[in-house]
Amino acid sequence: EPITRRVSQLDNTALLNLLHDIPLWVKCPDYERVDWLNKIIADMWPYLNKAICASIRSMTEPMFAEYVGMFQIKTIAFENLSLGTIPPDIYGFKICETNENELVLEPAVRWAGNPNIVLVVKVLTFRITVQASRTHVVDMQILVAPRVTLKPLVPTIPCFANVSVSLLKRPEIDFGLNVLGGDLMSIPGVYHIIQRTIKMQIASLYLWPQSLEIPILDPSTVAINKPVGILHVKVVRAHKLLKMDFLGTSDPYVKLNLTGESLPAKKTSIKKRNLNPVWNEKFKLVVKDPESQVLQLEVFDWDKVGTNDRLGMQFVPLKLLTANETKEFKLDLLKHTFIADPYDKKPRGNIVIELTYAPFREESIKVDGIGDVLSRKESSLDRPSENSSEVLSGAGLLSVTVQGAEDVEGLRHNNPYAVIRFRGDKKKTKKIKKTRHPLWNEEFQFMLEEPPLNDTIRIQVMSRRKGIGFHSKECLGKLDINLTDVVHNGRINTKYHLMNSKNGKIHVDIKWTIV
């Protein structure tokens, strides 16, 4: 039995030697104590041990098979494979908050195990046995500090699509190794060589920013399409439309939108008492999947009273378009989507449109997170200086995502919603009742002919209650964001302090994508 003493009875040297073994939840206040998790691991360890060993066997069998026949090797197999009876211990757990759509966990893991691993290698008629030694009280010691990132967070169980594991520092690994009855690790110089080799190999694979990616959900089930281009639509004219009014005319207008979008449809102006209207009006629609999305066109007859009558409709798949080439379509209007309807013989006229699909530049489509920062730095070094003028000119898409707010408090009520004002446009998020920490996660898009270098976007957090009165609406804070940095960097994702608010903050993600 080891000799135990009170800490107060130890001298300074003994106390200094103990500092390394003090758990992180004692030394670092941002680490949590997770005895409950260690209890769960301890109770499940007999089953985890067998499951992990079975996975190791299945993973190593094809690796060993590659060496059979080489160097006169006949067989390689595990004779015994067990991780022992001592489970790993999590002696500190930290959760990191980021502005990205992810959850970052940093457990500190320590394992002083007693594994029983025997690997048998048969060479010709000789049998070589490699076994984990028992020369020390604890056979194997591992000290590792991984960073586990669950990303992206999605509304599908288990609510994250991938697990990314990386090491914040090189792990500390100590073990003994018996070969042919002798301790290989006791040979002078061998111990340090093996230790250094193992650390370098693990570091080259998993030391941050390298990582081990483990997919959890099928990408097709959680795919979040991001904008990849802009569809330029010019509604030119229509010819021989149906007569819907009593006077033998119609008041036509056109609604157009892309399938798979929840945004309101675009509308042309109303041409009153005209069966052959000419519009020549231009629109821009954000494209997320040019291979599957379809442009839907609907021609309506405007009525001052009652519902508007549909004169006809038509569809154009975007896969028929060639990037950056304008194509004119003359389409016969249909009654509904069933093209081969034998009863739909009534002519409904036709419509002429011009379509141009302009994809975004590849260098402007970035991946969120640290990869975005690294790739942006690399691309800025590789691109010549004249490209900077291209970044500061030309059309693009400004995406504004209002994630949420914190500590917004009104004097009379807390039903917060956000109002975004930019170049005369006004957009609103949904209202969330009775909270000081609303989460909206709503995206708003603005298609611009030139970069917003000298523009400012204003975001206000408002609160509104039902009824009519002097205090039915209240401002909880506001913010003006200069978009110059967004144009130069491509993206800004941060939390801002709200003006006219005591402690209020708002989380905004703004992206500028070049066409």
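Counting begins at 1 with the first residue of the sequence.
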On a heavy-atom basis, the closest approach of Ser164 and Lys151 is CB-CE, 4.2 Å

Residue pairs passing the salt bridge (Lys or Arg N to Asp or Glu O under 4.0 Å) test with at least one member in residues 54-69, sequence neighbours excluded, are none

| Does Ser501 use its side chain to pair, donor to acceptor, with the backbone of Leu498 at less than 3.5 Å? | no

Taken to the nearest 0.5 Å, the spacing of Met59 CE from Ile52 CD1 works out to 11.5 Å

Please assess Leu103 against Phe160 for the test side chain to side chain contact (heavy atoms under 4.5 Å, CB included), listing each intermediate value before the final yes or no. CA-CA 9 Å; Leu103 181 62; Phe160 55 89; over 6 Å; no

Quiz item: Counting distance only, does the side-chain N/O of Asp289 pair as donor-acceptor with the main-chain N or O of Glu291 below 3.5 Å?
Solution: yes

Between Gln460 and Ile420, is there a donor-acceptor pair closer than 3.5 Å when you use the side chain of the first and the backbone of the second?
-> no

To the nearest 0.5 Å, atom CD of Glu100 lies from atom CG of Leu153 at 11.0 Å

*Would you say the side chain of Gln445 lies within less than 4.5 Å of the side chain of Leu398, judging by non-hydrogen atoms?*
no

task: Kindly say whether Trp440 contributes a backbone atom to a donor-acceptor pair with the side chain of Lys430 at under 3.5 angstrom?
output: yes

Report yes if the side chains of Ile157 and Cys159 come closer than 4.5 Å at any heavy-atom pair, otherwise no.
-> yes

Point to revise | Close side-chain approach of Thr85 and Asn114, heavy atoms under 4.5 Å | key: yes

Between Ile230 and Gly396 the two heavy atoms that sit nearest each other are CD1-O, 4.3 Å

Asn12 atom CG, neighbour heavy-atom count above 12 within 6.0 Å: no

Open item on the list: Would Lys319 pass as a cation-pi partner of Tyr357, given that its NZ or CZ must be under 6.0 Å from the six-membered ring centre and within 45 degrees of the axis?
Closed with: no

Could you tell me whether Arg436 atom CZ has more than 12 heavy atoms of other residues or ligands within 6.0 Å of it?
-> yes

Closest non-hydrogen atoms of Asn415 and Lys434, given as atom of the first, atom of the second and distance, are OD1-N, 3.0 Å

(message) For Val165, is there any backbone N or O sitting under 3.5 Å from a side-chain donor or acceptor partner on Ser211?
(response) no

Heavy-atom closest pair (Asn162 atom, Pro215 atom, distance to 0.1 Å) is OD1-CA, 3.3 Å

In terms of heavy-atom contacts, Ile90 and Pro107 come closest through CG2-CB, 4.2 Å

Derivation and outcome, side chain to side chain contact (heavy atoms under 4.5 Å, CB included), residues Phe446 and Leu397 = CA-CA 6 Å; Phe446 304 89; Leu397 176 69; over 6 Å; no

| Asn454 CG: over 12 foreign heavy atoms closer than 6.0 Å | no

Problem set entry | Cation-pi, Phe422 ring and Arg458 (6.0 angstrom, 45 degrees) | no

Side chain proximity check, Gln293 to Thr259, heavy atoms < 4.5 angstrom: yes

Residues passing the side chain to side chain contact (heavy atoms under 4.5 Å, CB included) test with Asn257, sequence neighbours excluded, are Ala265, Gln296

- Task: Taking Thr456 for its side chain and Asp480 for its backbone only, find out whether a donor-acceptor pair lies under 3.5 Å.
- Result: no

Is it the case that atom CD in Glu213 sees more than 12 heavy atoms from other parts of the structure closer than 6.0 Å?
yes

Problem set entry | side-chain hydrogen bond (donor to acceptor under 3.5 Å, both in side chains) between Asn38 and Asp89, worked out | CA-CA 6 Å; Asn38 288 323; Asp89 177 54; 3.1 Å; yes

Side-chain heavy atoms of Ile506 within contact of Ile459, under 4.5 Å | yes

When rounded to the nearest 0.5 Å, the distance separating CD1 of Ile492 from CD1 of Ile510 is 6.5 Å

- Query: Going through the distances and angles, do Lys122 and Glu79 end up as a salt bridge (charged side-chain N to carboxylate O under 4.0 Å, His left out)?
  - Reply: CA-CA 12 Å; Lys122 288 186 179 181; Glu79 186 175 274; over 6 Å; no

*Donor-acceptor pair between Asp11 and Thr13 side chains, under 3.5 angstrom*: no

Do the non-hydrogen side-chain atoms of Glu32 and Lys94 ever get within less than 4.5 Å of each other? no

For Asn324 and Pro359 the tightest heavy-atom approach is OD1-CD, 3.7 Å

The reported gap from CZ in Arg464 to NZ in Lys428 (rounded to nearest 0.5 angstrom) is 5.5 Å

Checking His437, Lys495, Lys505 against Glu406 for side chain to side chain donor-acceptor pair (under 3.5 Å), the one that qualifies is Lys495

Below 4.0 angstrom, N of the basic side chain to O of the carboxylate: do Asp43 and Lys39 qualify?
yes

Under 4.5 Å between any side-chain heavy atoms of Asn489 and Trp512, yes or no?
no

Interatomic distance, CD1@Ile457 vs CZ@Arg421, rounded to 0.5 Å, equals 11.5 Å

Check the pair Phe93, Leu105 against side chain to side chain contact (heavy atoms under 4.5 Å, CB included), reporting the backbone distance first and the verdict last. CA-CA 7 Å; Phe93 198 95; Leu105 314 175; 4.0 Å; yes

Across all chains, not counting sequence neighbours, the side chain to side chain contact (heavy atoms under 4.5 Å, CB included) partners of Asn49 are Trp45, Cys53, Ser82, Leu83

Where the side chain of Asn80 meets the backbone of Asn116, is there a donor-acceptor pair that is under 3.5 Å apart?
no

Check the surroundings of atom CE in Met499: do more than 12 heavy atoms from other residues, nucleotides or ligands lie under 6.0 Å from it? yes

Notebook entry, point to check: Is Asp35 paired with Arg33 through a side-chain N to carboxylate O contact shorter than 4.0 Å?
Noted result: yes

Yes or no on side chain to side chain contact (heavy atoms under 4.5 Å, CB included) for Leu318 and Val294, after CA distance, side-chain angles and deciding distance? CA-CA 6 Å; Leu318 299 191; Val294 176; over 6 Å; no

I'd like to know if the side chain of Asn99 reaches the main chain of Asn493, judged simply by a donor and an acceptor atom lying under 3.5 Å from each other, with no hydrogens or angles considered. yes

Report yes or no: does Glu409 contribute a side-chain atom to a donor-acceptor pair with the main-chain N or O of Leu476 at less than 3.5 Å? no

Distance col, row Gln210:CD vs Ser166:OG, nearest 0.5 angstrom, shows 9.5 Å

Under a 4.5 Å cut-off applied to non-hydrogen side-chain atoms, are Thr401 and Val508 in contact? no

